[in-house]
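Within every chain, numbering begins at 1; the chains are lettered A, B, ... in the order of the sequence lines, protein sequences first and strands thereafter. The analysis underlying the following values was restricted to heavy atoms, covering all of them including side chains, and did not include hydrogens, waters or symmetry mates.
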Amino acid sequence: MSAADLSTLLVWFATTAFTIALLAWTTDLARIAERSTTRRASAAPVAEPVAVGAAVGTRAGSGGGDRAAATPPSPLRSARAEGIGRSTGTLGVLLLLAGVVARGIAAGRWPTANMYEFTLVGVLVAMGVLTVVQRRRALPFVAVVVTGISVLALALALLVFYVQAEAVQPALQSYWLVLHVGVAIIATGVFTVGFASSVLQVLREGREAGRSHLDRSWGAADPVRRALAGWKVTGPRFAWLDQVPTARALESLTFRLLSVGFVLWTFTLIGGAIWAEHAWGRYWGWDPKEVGTFIAWVVYAAYLHARTTRGWSGRRAAFIVWVGYAVVLANFTVINLVVTGKHSYSGLG
Amino acid sequence: MNVTRRPEGLDDAFTDGPAEPTVPAIGLVGWARWAWRQLTSMRVALLLLMLLAVAAVPGTMVPQRAQSPEKVTAFLAAHTTLGPWLDRLGFFSVYTSVWFSAIYLLLFVSLVGCIVPRVRLHAGALRGRPPRTPARFGRFPAQGAGRSDDEPRAVVERAAAVLRAPYRVPLVRSYRVDVHDEGAGTWSVSAERGYLRETGNLVFHLALVGLLVAVATGQLLHYRGQVLVVAGHGFANAQSQYDTFESGSAFDPSSLVPFTLALDSFDSAFDPTTLAARDFTAHVTLTEPGGAPQPATIKVNHPLTAGGALVYLQGNGYAPDLQVTDAAGQVAFSGPVPFLPQDSVYTSRGVVKVPDVSGGQRQIGLTGYLLPTAVQMGAGWRSVDPQPKDPLLVLTVWSGDLGLDTGVPQNVYTLDTAKLTQSRTDDGRPVTILLHPGDTVQLPDGLGQVTFKALPRYVALDLRDDPATGWVLAFALTALAGLAASLFAPRRRIWIRAQSTTDQDQGPTVVTAAGLARGDDLGLDDELDRVLAATLGRAPAPDDDPPAGTSDEVSAQEARG
């Protein structure tokens, strides 16, 4: 078996492992929701005041008290599901790492030259960051989002983006392929985890505040609202939210991840400009990919400003994170596949 | 603290109380001041950032003149109603349009208006001392307490030493520390660290201004020329020698260094199975003024430095060397004609324009394709390899008036067939002539004959000098460093107070501590715990799950105290 075939096989194994991890984390989430619902229904004596209080949605979300909520090993979680999630996730990371290395050996170069390889390494980083973030405490929701995105991305890579492992065209023969593209991939992976964390933050904040958009009438679209009524963030289906860290702690996690991501993204821009100066004879030419990267940079800069602006921190800042992540994804997919520019390296017809 | 020195709307843990309501004074000055305060507020900066992001989007959706003028022309032809409107609104040159420029210039004005007062304030803070120990610690996010057997003064001196000592980063003093004698046997220490955070923030923003200025300077001073050089030929660095030349408004043409550059040969390598490009190398001879000819190479990603400018290898192709003899036997045309590659196997398109040299002759236009490795497919021919393994020229013939004598500059790659007639066979199909290297073929309609003499390579070179690139890079890297410092250097204040008590149970001195950080700082509790532990000479709390243990432990201690 050649190194290229071995690489593809390892990536398939990794995808399978991540799928199992995804199922495990989803089971964990479902268990948490289910048990906390039955617990509330039985109206047991207040054995765990924090969880119960939060479930009803009365507790104000600040102060030292919330810290305790996240930490003690909760009887509501499924230790077995979490164990499976963690171990298959780690196994998947190792398999994917081996797959990426084999790919590099097969092509005889650093494996970040086309969309297929970019996706592999990006997923590797996102899952790696997830493993590190979960080192101390399990965040099943973040795990579900990140693992879910990873499985989808790997499937897309294997089925759509796949190209033969081979050497690259002269424009890509530069050490900047390692630095510029490598850092861009790492930043994308970090942004993925930051995005998941900000989604969780907004959900948790809604539950803490006890408010949901599904409570008020939607006017003409009210039938839609009634159909979705079961998905109220304050309702029983989101009871598992009481188990996650507080909105404030999650906001802080999002910020730290995005700080790292933003610095890496800045380096991606600067490194790209230096490479463009070497390869194309100009450091900035408003190429579609350059514009996309610039827009993402500006959006994340807006996030950093928003969270220190009165009235914009918290939920509103998190929405900017979502926009930023959407721009990052569009910059990777739409710009590579639909728009033609100097960055058209996907290797796809 | 003077509130107006801070951008309005800035949410900052180090700032006390809400900002004063801004009531504009009546009159023009008052309104101007109000407008300025609005422009330099955080909210407006945020709005401008979002606007900038949105305004940059159309440039990826609609073709841009600067990047692909031919696509703009095609777009205008396809959208006859929408196109002219978009054109009027500047959508085909978004990044130089009035509205895009207005947004980023306003953003930079807002930035300067916001940063300059902060620079002044920060310069003062850098010379200042940590704020005095507050009377009460109750409102601070991080608190701690303990008991000691030592005198209050000794405890506080030890705390000061702990705070001053380098931690994690060797040789760098971690806190700026003041010790206060508060009287009645009470001593306290106030400490502050992380001035680097604000310094980094200011450096980042100022570097962005520098970056903008450097880019603008480069735009004024730069020049860029494009030239096509056939192997065996060369060019001199003069404006007239370039096929296209553009420069900034402050560029001085006499500053061009008159070097000459000749293309000796060109090597290309392709993957044998996929035919994808693997390597392009141009071997050139560079002669700088007063210097001897020097051999050099130019590759993609490896431009050549010549006369202070950079020479980039931007393209390559084949330039068939042709000779056309007219019906009178005169050589009407001779020389290499660059054909432009259209695909990865170098199917190249070109035009030969033959003027009339002897009286009474028609002008001739030859147009068609060069196939580096030609294979017959049915009625037509196709190239199957980018390398010239079996070159073939496939040409059709036009004759009449090429429009060469009108004085209007012409595109050398297109043939204006308005006043030309195409040579056709008896059954009405266009005459196609096929030429291998060395072939001489008679032209139809008694126009003369054409010879395919050789097939040299050519390279497309891009020559550019932007004297500001060094500054652009320097400002960009400074901004990156400032950004990292502003995001990762924690800014903290810590106060520790030691008081004597009469309660002798656990030691005569009560020690209390408080910490405050700017922005989110999950490490603040750990830090306070570490300092307090070192001051009291006990082991710090176990580090298994920092956010949990500390506050419980501290509150327990407070209860005991």
Below 4.5 Å from any heavy atom of chain A, which atoms of [X] appear? Answer side chain, backbone, both or neither.
X	answer
Lys71(B)	side chain
Val472(B)	side chain
Thr274(B)	side chain
Val311(B)	neither

Self-check item: chain B-proximal positions within residues 287-295 of chain A [heavy-atom distance under 4.5 Å]
Solution: Pro288(A), Val291(A), Phe294(A), Ile295(A)
Quiz item: What residues of residues 475-488 of chain B sit under 4.5 Å from chain A when you count only heavy atoms?
Solution: Ala476(B), Leu477(B), Leu480(B), Leu483(B), Ala484(B), Leu487(B), Phe488(B)
Quiz item: Looking only at heavy atoms, which of residues 45-52 of chain B get nearer than 4.5 Å to chain A?
Solution: Leu46(B), Leu49(B), Met50(B), Leu52(B)
Quiz item: Given that the side chain runs from C-beta out, which part of Leu253(A) has a heavy atom under 4.5 Å from chain B: side chain, backbone, both or neither?
Solution: neither
Self-check item: Pick from Ser174(A), Pro170(A), Ala273(A) with the largest number of heavy-atom pairs that fall under 4.5 Å of chain B
Solution: Pro170(A)
Exercise. For chain B, find which of Gln164(A), Arg256(A), Gln173(A), Glu277(A) contributes the most heavy-atom pairs closer than 4.5 angstrom.
Key: Glu277(A)
Practice problem: Quick one: sort the Trp297(A) and Phe204(B) rings into parallel, tilted or perpendicular, breaks at 30° and 60°. | Solution: tilted
Exercise. Begin with the C-alpha distance, continue with both residues' side-chain angles, and end with the deciding distance and a verdict on side-chain contact (heavy atoms from CB on, under 4.5 Å) for Leu473(B) and Tyr283(A).
Key: CA-CA 9 Å; Leu473(B) 179 64; Tyr283(A) 53 80; over 6 Å; no
Practice problem: Sorted by first residue and then second, give each salt bridge (Lys or Arg N to Asp or Glu O under 4.0 Å) pair with at least one member in residues 466-486 of chain B; sequence neighbours left out. | Solution: Arg464(B)-Asp466(B)
Quiz item: Below 6.0 angstrom between ring centroids: does that apply to Tyr95(B) and Trp284(A)?
Solution: no
Quiz item: With a 4.5 Å heavy-atom cut-off, do Trp275(A) and Asn301(B) have their side chains touching?
Solution: yes
